[in-house]
Amino acid sequence: MKTLLTDLREDVVRLVTGEIALFKAEMTKKAKDLGVGAGMLVVALVLVLFGFGTLIAAAVLGLATVLPAWLAALIVGVVLILVAGILALVGVKKLKAGAKPVPERSVEALTGDHLAEHQQHDSKHDTKEAAA
């Protein structure tokens, strides 16, 4: 009986140790995959930024074929600043709209229903007491 319990204990320890090792190996692989994926996304973002810079330079050079180069660069710069300003204003407006992540109308509706429910319950309770 004693050897059976000792064997059982050793088997449980071995099983738990194996499961922990499997868990560590699995999580290490997932962490590596996440790291590689995040690194690739960062590189992609940098390349996109360089791409936009190249497109902006192409716009300046394209306008420079019909206007002086300084004027072409000025026009493209002003347009970019205007677009950035519009995006910033819209972004701030959206942030302010989402500042309270509480569904206000739903809460009001639930609170109103909840209060009405309590009032009905209280009036029924008062009627029953009056009848008794």
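These values consider heavy atoms only, across backbone and side chains, with no hydrogens, waters or symmetry-generated copies. Computed from a predicted structure; not experimentally measured. Nothing fancy with the numbering, it's 1 onward along the sequence.
- Taking CG of Leu45 as the reference point, atom CG of Leu41 lies at 8.5 Å (rounded to 0.5 Å).
- Here the closest non-hydrogen pair linking Ala69 and Val60 is O-CG1, 4.5 Å.
- Separating the CG atom in Leu34 from the NZ atom in Lys32 is a distance of 13.0 Å, to the nearest 0.5 Å.
- Under the 4.5 Å side-chain heavy-atom criterion for grouping Ile, Leu, Val, Met, Phe, Trp and Tyr, Val48 is not connected to Ile56 through any hydrophobic cluster.
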Query raised in the report: Yes or no on side-chain contact (heavy atoms from CB on, under 4.5 Å) for Leu5 and Arg9, after CA distance, side-chain angles and deciding distance?
Result: CA-CA 6 Å; Leu5 289 176; Arg9 186 182 70 78; over 6 Å; no

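- The cluster map of Ile, Leu, Val, Met, Phe, Trp and Tyr, joined by side-chain heavy atoms under 4.5 Å apart, puts Leu63 and Phe52 in different clusters.
- The list of side chain to side chain donor-acceptor pair (under 3.5 Å) pairs with a residue in residues 78-96, not counting sequence neighbours, is empty.
- With hydrophobic clusters built from ILVMFWY side chains whose heavy atoms lie under 4.5 angstrom apart, Val66 shares a cluster with Ile75.
- The distance from atom CD1 of Ile20 to atom CG of Leu15, rounded to the nearest 0.5 Å, is 10.0 Å.
- Both Trp70 and Leu80 are members of a single hydrophobic cluster when ILVMFWY side chains are connected at heavy-atom separations under 4.5 Å.
- In this structure, the separation between NZ on Lys30 and CG on Asp33 is 8.5 Å, given to the nearest 0.5 Å.
- Interatomic distance, Glu10 CD to Thr3 OG1, rounded to the nearest 0.5 Å: 10.0 Å.
- The line from CZ of Phe50 to CG of Leu55 is 13.5 Å long, rounded to the nearest 0.5 Å.
- With salt bridges taken as basic N to acidic carboxylate O contacts below 4.0 Å, one links Arg14 and Asp11.
- Linking ILVMFWY residues whenever their side-chain heavy atoms come closer than 4.5 Å, directly or via other members, leaves Leu82 and Leu89 in distinct clusters.
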